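I have placed the structure first, in the form of structure tokens, so that the comments after it can refer back to it.
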Amino acid sequence: MENVSSVGIKDKLTALYRQYATQISDGMPEAMNRVRETAISQFDALGLPRKGCERYRFTEIMTAFGHAYGYSINKLSAAADSQTVFRCAVPDLDTYTIIINNGWIDLKNSTIPANVVATELADGANKYPELFAAHYNRLAAQKDDTTISLNTAFARSGLFLYIPDNVVVDKPIQIVNVLSGNNPLMVNQRNLIVAGRGSQSKIVICDHTLANSQFLLNNVTETVLQPNAQLDCYCIQNLNDRSSQIASLLIEQNADSQLIANTLTLHGGFVRNNVEVLMAGQHAEASIYGLSLPAGHQHIDNFTYVDHAVPNCTSYELYKNVLNDESVGVFSGYVLVRPDAQKTNAQQSNKNICISPSARMYTKPQLEIYADDVKCSHGATVGQLDESALFYMRQRCIGEDEAKMMLMSAFAHEVVRTIRIPILAERYAEMIENRLRGRHAACGDCFMKCEKR
Amino acid sequence: MDSNIISKVTDSEYKYGFVSDIEHDTIGKGLNEDVIRLISSKKEEPEWLLEFRLKAYRHWLTLKMPTWAHLDIPEIDYQDIIYYSAPKQNVKPENGEIDPELKKTFDKLGIPLDEQKALSGVAFDAVMDSVSVKTTYKDALAERGIIFCSFSEAVRNHPDLVRQYLGSVVPPTDNYFAALNSAVFSDGSFCYIPKGVRCPMELSTYFRINAAKTGQFERTLIVCDDDSYVSYLEGCTAPRRDENQLHAAIVEIVVMNNAEVKYSTVQNWYPGDKEGRGGIYNFVTKRGLCKGVNARLSWSQVETGSAITWKYPGTVLLGDGSSSEFYSVAVTNNHQQADTGSKMIHIGRNTSSRIVSKGISAGQSQNSYRGLVKVSANADGARNYSQCDSLLLGDKCGAHTFPYVECLNNTAVLEHEATTSKIGEDQIFYCNQRGISTEDAVGLIVNGYAKEVLNTLPMEFAVEAQKLLQVSLEGSVG
Amino acid sequence: MLTIKDLRASIDGKPILKGINLHINAGEVHAIMGPNGSGKSTLSSVLTGNSRFTVDGGEVTFLGRDLLAMPPEDRARLGLFMSFQYPVEIPGVSMVNFMRAAVNEKRKFNGLPALSAAEYLKLMREKSQLVEIDSRLTSRSVNEGFSGGEKKRNEIFQMAMLEPRLSILDETDSGLDIDALRIVASGVNKLKTPETSAIVITHYQRLLDYIVPDVVHVLYNGQIVKTGGKELALELEEKGYDWIKSEFDNK
């Protein structure tokens, strides 16, 4: 980390905002502009989160912010045409594709299902003003995390995705977030996803870097599942190891909605994931999974918060880490069962394997329960590969390294098998194996095997 | 559950709530360096101890009260507390005599200070307010080289031992309340078990708050030398009063090579009334150091009292092969708040620890488990198993768990499990069908739930603790 | 095929094997019997290379190679197979993948190309029929949720897949009812050829009704104290181990 102070960075970013406030608001909808001032004031007052506070107990956010980044208020015209840089395809997996380059959607090269709205955030605000006003910054404003405030203040680019009521999207929607350019760059991307009543959709979000520059992706995605909606959200994080990413996925679930959120972290020097789910309607179900395979000096922090605000909801969480080299893994899982949220069923599990002597794991489950008729449990383990299983496998002719590999893949399998797109699950398994073998996949390490044209 | 039963809240009686009419030697309210000098001079302490206190006090002034606990602690005016209050005795305790009025108090509490009538096999150090009033069986223990006496006496008679170990496990800078205690502690118990000695009886300290407006700040220091063993018990009660009283104690335990200490607590400070008026603020720092190889330290606690509890008995596992266990039942009812748990710090190789915590919340109480398991980089082969279960009685209370696991060594195996559930309606119905009243059924079920912990207590205390659980939950059933 | 000379081994500094001598020719079945704690299972663990045990001396030659110098997987690839007393459950690793890795690693070791998917599946089908294992078991994770009998049958299935030269059956009969025992034993017998040998470790004579040994050894206190024909097993069954113990302890 360079020798810069947290306060220094805060002042710099605040000053940057103040200096360019007019340009930042220029051409942006009122719904976005009217919340900027509050957000920047909050950011200015509180500064970046400090290591040691409950939310960032084991994570120094300055690892991400303590570098000099360039910042671009407008879409860079110089940005390479994504089409010429890459094209994404999962073999055998037929998807719609939305390409986002340094935060800005490349509509020209995207394929969007006819019955779904996918467009620039500001464009969405103009086309669906009521929907936008109802949901934009509603969940984000309640969070006491100033990385989110920062995003709100600067937000200009990102995706507006609306799956109208009762629409069943026939193919997965793949959202490819690409960071490109030869200079260090900070990107504040803001997304809003609304899954309408009774809609069904699966989205695959793939984050990757096309260059070895140092990036900071501060991404906030507000997601609303309206009653009876079903949404699967698979995130694959694969930035280069010099880059940092903060991904805040803020979700509201209304009655009878079903969510699967699955985060796979392969590469990225510093990764902080906030997956926060508000159970706002009865009989909603959330399944939240995460798998991280840090190696080298990676620092991967998964923070989850499930807020059971109403009765009769179910949440299930499983997070796993396989830690190698000098890497650090953090899991904080906060479950809140509010008064009267009776018949809540909340299960949480965090399992970790440390492969190398210098890997470190911090885990902090946290249950706050204010209702009595509930079933809540959580478990956490830190350990190594099973010695007796290793010996058994070696007695069956399988070499030690191969046996370890199989055991690690098996450990990861518990997360992989929750993926409801079979082809994707197969890719996951491959990707995980490659990562565990210390191999990089083709093109920007993305499992999508994007080919250069 | 039948809502009629909720309304049929019986008046849960705190049976230790009486006040003894004893004259006290009391200093004025407030805290400053002069007060500390006064306490020190009243106790005729050596200069180094006064220095220890003053240093702690000056450090305390730089600190703020911790706010991270899941507790709602009202503002405490530290200038409105009396820091020293000793019951006046008309006899000389040094000669083993005891004031009849004091004796009556302890008799009423079921603590026999008369050796002839004593519980067989338990030696007591009785502490009222700021001073130790009587230690039994001192002579019998001395024959084996065991030192068991009040803290003040230890300072007078064994200054080198005290000076060597005081603050070695809980330094005055450890936390806010540890600093405060280090500045103003008045008395407590001291225990030293020499090499190779198994203490033939249970040692026990009984803490009693009597005087109004006073804080109780005692210290316990236990040193178990190589290959020795002791089982130590601690009990506490206080009168029923409408104002809150502060209790900020320190317990330090040093366990040397192959030695073993079993430390049991039955904490029954006045919890306040049904509306949450009064009760003790119990802010305690308890820590053991397994200093030697294969040292063992076992904590057992039954916590039913106090308006607010803030305590995390823990063990630093420094010696290779050392091990520690923590068994706890914490009951909160009415408006009680508890934030309690354990810390296990693994430093030596092949160290192991086990945490079993059972929380029971009733009424409008808030009961939190907060624990830390830390494995440092060199602690090869560390093992921990933690289990923390919460039982909820009623829908106005809260049960929370905050376990922290920090693993810096890849040969460690750490497991943590937690569950939260409400008391089983089918179990209660089953009992009802067999003619057992709902209140009794809850008592039975809760005792069954806590059994794993109660079983770790010495026999006489297990029985007492069982009764205590029942009494604490009276009127909690809904 | 296998020659053991003065093999000594210990665990955590405690000697268990105190000088074992044994010679097994191709085509022979040797039974090793003995009371609990005599070192039977330690012997199989040391031969297969379990690192929990320390070899303190002696030598073992297997097919002309120094067995003790090899890592466990090479011993296995060379043709040494052990049916575990307690087969290990490996959640998340499917039997199919597990066995494919095992078979192909062995083939690679012997300079053979890996089997194609079709060839491999054919082999699995054949062998599972041979040992009468339910094909559904092979589609599950290794031993996960298997009953005691299923686990033992799965061991014999793996033995069939790997075609070892020398098989060690470590207390294969423990925890099996008589039907399961018969099926397991018949599997072992079907796999027997003049080129393969077996060591049957057992506490009871029962298994030896089905797998008839050529030689019976009695292991006691870390040494082979008696060797005889298959009638020795019957004698032990009749007299119990106390007879051996008293004879040996009096020496």
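Just so it is clear, the structure is predicted and the values come from calculations on it, not from any experiment. Any value given below was found using the heavy atoms of this structure, including those in side chains, with hydrogens, waters and symmetry copies removed. By convention in this document, chain letters (A, B, ...) are assigned in the order of the sequence lines, proteins followed by strands, and residues within each chain are numbered from 1.
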Q | Heavy-atom contact with chain C under 4.5 Å, split by part of Gln395(A) | A | both

Q. Non-hydrogen atoms of chain A under 4.5 Å away: do they reach the side chain of Pro87(C), the backbone, both or neither?
A. both

Q | Proximity breakdown for Phe109(C) and chain A, heavy-atom pairs closer than 4.5 Å | A | neither

**Q.** Where Cys397(A) and Ala102(C) come nearest, the two heavy atoms and their spacing
**A.** CB-O, 3.6 Å

Q) Of the backbone (N, CA, C, O) and the side chain (C-beta and beyond), which part of Asn104(C) lies under 4.5 Å from a heavy atom of chain A, both, or neither? A) neither

Q: Answer whether the closest heavy-atom distance between the side chains of Tyr86(C) and Tyr392(A) falls below 4.5 Å.
A: no

Q: Report the distance from atom CG of Leu390(A) to atom CD1 of Ile90(C), rounding to the nearest 0.5 Å.
A: 8.5 Å

Q: Please round to the nearest 0.5 Å and tell me the distance separating atom CE of Met393(A) and atom CD of Glu73(C).
A: 11.5 Å

Q) Does Glu387(A) CD have over 12 foreign heavy atoms under 6.0 Å away? A) no

**Q.** Nearest atoms (heavy-atom pairs only) where Val93(C) meets Ala410(A)
**A.** CG2-CB, 3.3 Å

Q. Is it the backbone or the side chain of Val103(C) that comes under 4.5 Å from a heavy atom of chain A, or both, or neither?
A. neither

**Q.** Side chain, backbone, both or neither of Met161(C) within contact of chain A (heavy atoms, under 4.5 Å)
**A.** neither

Q. Does atom NZ of Lys190(C) have more than 12 heavy-atom neighbours from other groups under 6.0 Å away?
A. yes

**Q.** Residue part contacting chain C, namely of Glu400(A), when any heavy atom lies under 4.5 Å
**A.** both

Q. For Arg75(C), is it the side chain, the backbone, both or neither that has a heavy atom under 4.5 Å from a heavy atom of chain A?
A. neither

Q | Lys/Arg-Asp/Glu bridge criterion (N-O < 4.0 Å) met for Arg396(A), Glu155(C) | A | yes

Q. Which pair of heavy atoms, one from Arg394(A) and one from Pro71(C), lies closest together, and at what distance?
A. NH2-CB, 3.7 Å

**Q.** Residue pair Ala101(C) / Ile398(A): nearest heavy atoms and the distance that separates them
**A.** CB-CD1, 4.0 Å

